[in-house]
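Just so it is clear: chains get the letters A, B, ... in the order the sequence lines come, proteins before strands, and each one is counted from 1. Side chains included, hydrogens not; waters and symmetry mates left out as well; all remaining heavy atoms used.
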Number of protein chains: 2
Amino acid sequence: MAEASFEDLVQAAYLQTFPAQLELIAEGDPADFLYVVMEGYVELFAHANGRETTMAMVRPVNAFILAAVLKDAVYLMSARTARKSRILLIPSENVREAFARDDAFARAIVVELANSYRTVVKEQKDLKLRTAVERLANRLLRYDAEQGAHGTVTLPHDKRTIASLIGMTPENLSRAFNTLKPYGVEVTGPTVTIADADALANLAQPNPLIDDETS
Amino acid sequence: MAEASFEDLVQAAYLQTFPAQLELIAEGDPADFLYVVMEGYVELFAHANGRETTMAMVRPVNAFILAAVLKDAVYLMSARTARKSRILLIPSENVREAFARDDAFARAIVVELANSYRTVVKEQKDLKLRTAVERLANRLLRYDAEQGAHGTVTLPHDKRTIASLIGMTPENLSRAFNTLKPYGVEVTGPTVTIADADALANLAQPNPLIDDETS
DNA sequence: CGACGATTTGAATAGGATCAATGGGAGTGG
DNA sequence: CCACTCCCATTGATCCTATTCAAATCGTCG
């Protein structure tokens, strides 16, 4: 994007540090700011019919609720810090201004939105086409790949959060881990070892059109 | 968008009529064309782990797989005509060209993508936060609203398709309709009458952040 | 009229959720 | 440093939802 637009956004932005478990936004609120996670972790979650679910975990450096800001609409999701986090807040007004003025910025946003869209589509496929155990197995393989494919995974979130993220209860997650034991999966607190990646992959049936970050 | 860009796209495009149940694209294929439904209905669906699910039904006039075209990536979903349909095929190359050249077009695409993104997020909330019966109840209320809120709904698709769309089996859909009978829902073939919209809404708990088209 | 596919219904099963209780750290305050 | 508390995670038992398998019914189309 143009230097000037960038400067304008940075000038208008606030960089703040928030403690863990602080609610940043609530679904239904008007989109006053675009949020960018600089450090830490932010949980996006949602409510309906008396239930709550984790929609996504946002890690540095990523923006969230971009679509709402551009549309000048209300947030569809709530957000809270999962741990102490440094977050950049950019007034929506400025984002929309830069979007209207700066062609390069507008195009960059398209790429970002296209990626976000495809990510959610993949998640929907994951949810509708796989059982809970399959989802967990694939998730473990993904974490392993992200962490260097050593066969030793450190879970990036609380188990209750992971359970909600992949669409199950904490109890069920615990049982799903047990189900994976015969496939070489051992759990010790937040550490998971994958003894036989092939066996696990055979169960999980990983699919690039669901599990690959890019593409 | 600019007249010239529009002309260019139209010039390069093919308008074709396809019979029902014709597979237009398959997930994993490179995105060679952007598709626009002019008449008829197109089903987007996906496979994984030996299962298949309906992801969306696209009606006129709407484009599908825009994100894949822009990213020059592979399709995440397959598509088939649900009935005889007239479809506009625009070569991806031309779309990306227009996107690069025409600023107004690029901005229009942002709006389109932002809407698509928010739609999928809503669907994910629907899936994760509601039971099958609640999803059906809300879907019926939505159809009723779309069709004029007369309390008489004509199902826009086969029941098996609707079942897959809202994430259940055809058998379960049939039973879900029976579950809704005490709430004033009567089914006769493709026609559904809603005798007591309040009772149904009380069960469904419709939520603008999930069920409203706009917002 | 006959065949096929869609829908419905029934029965049995499986997958997940809920409720309840226990064990296990991490953090707090004395 | 230790005891206490709280919350997370696990386990057990049970319940409920939804899927699967099977069969019957219905409607449509050739």
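Within the 6.0 Å centre-distance limit, the rings of B:Y35 and B:F64 are counted as a close aromatic pair.
Considering only side-chain atoms of B:R175, the nucleotide from D:dT20, C:dG16, C:dA6 that sits closest is D:dT20. Comparing C:dT8, D:dT10, C:dG16 by their closest approach to the side chain of B:K159 singles out C:dT8. In this structure, the nucleotide among C:dG16, C:dT8, C:dA6 sitting nearest to the side chain of B:E171 is C:dT8. Distance from the side chain of A:N172 is smallest to C:dG16 among D:dA18, C:dG16, C:dT9. With C:dA17, C:dT8, C:dT7 as the candidates, the nucleotide lying closest to the side chain of B:D158 is C:dT7.
B:D144 contributes no side-chain N or O that, together with a main-chain N or O of B:L140, makes up a donor-acceptor pair within less than 3.5 Å. With A:K125 contributing its side chain and B:T53 its backbone, the two residues share no donor-acceptor pair below 3.5 Å.
Between the CG atom of A:L129 and the C1' atom of C:dG15 there is a distance of 17 Å, given to the nearest Å. Between the NZ atom of B:K128 and the P atom of C:dA17 there is a distance of 11 Å, given to the nearest Å. The interatomic distance linking B:N49 (CG) with D:dT19 (P) rounds to 16 Å, in whole Å. Whole-Å rounding puts the B:L173 CG to D:dT20 P distance at 15 Å. Between the C1' atom of C:dT7 and the NE2 atom of B:H157 lies a distance of 17 Å, rounded to the nearest Å. Distance, B:L136 CG to C:dT7 C1': 15 Å, rounded to whole Å. For B:R160 and D:dT20, the CZ to C1' distance is 14 Å, given to the nearest whole Å. Distance B:Q21 CD to C:dG5 C1': 12 Å, rounded to the nearest Å.
For A:R86 and A:F18, the positive end is not near the middle of the six-membered ring at less than 6.0 Å and at most 45° from its axis.
Between B:T169 and D:dT19 there is a side-chain N or O to OP1 or OP2 distance below 4.0 Å. Taking side-chain N and O atoms only, B:N178 has no distance below 4.0 Å to OP1 or OP2 of C:dT8.
With hydrogens and angles left out, the side-chain atoms of A:T54 and A:E43 include a donor and acceptor closer than 3.5 Å.
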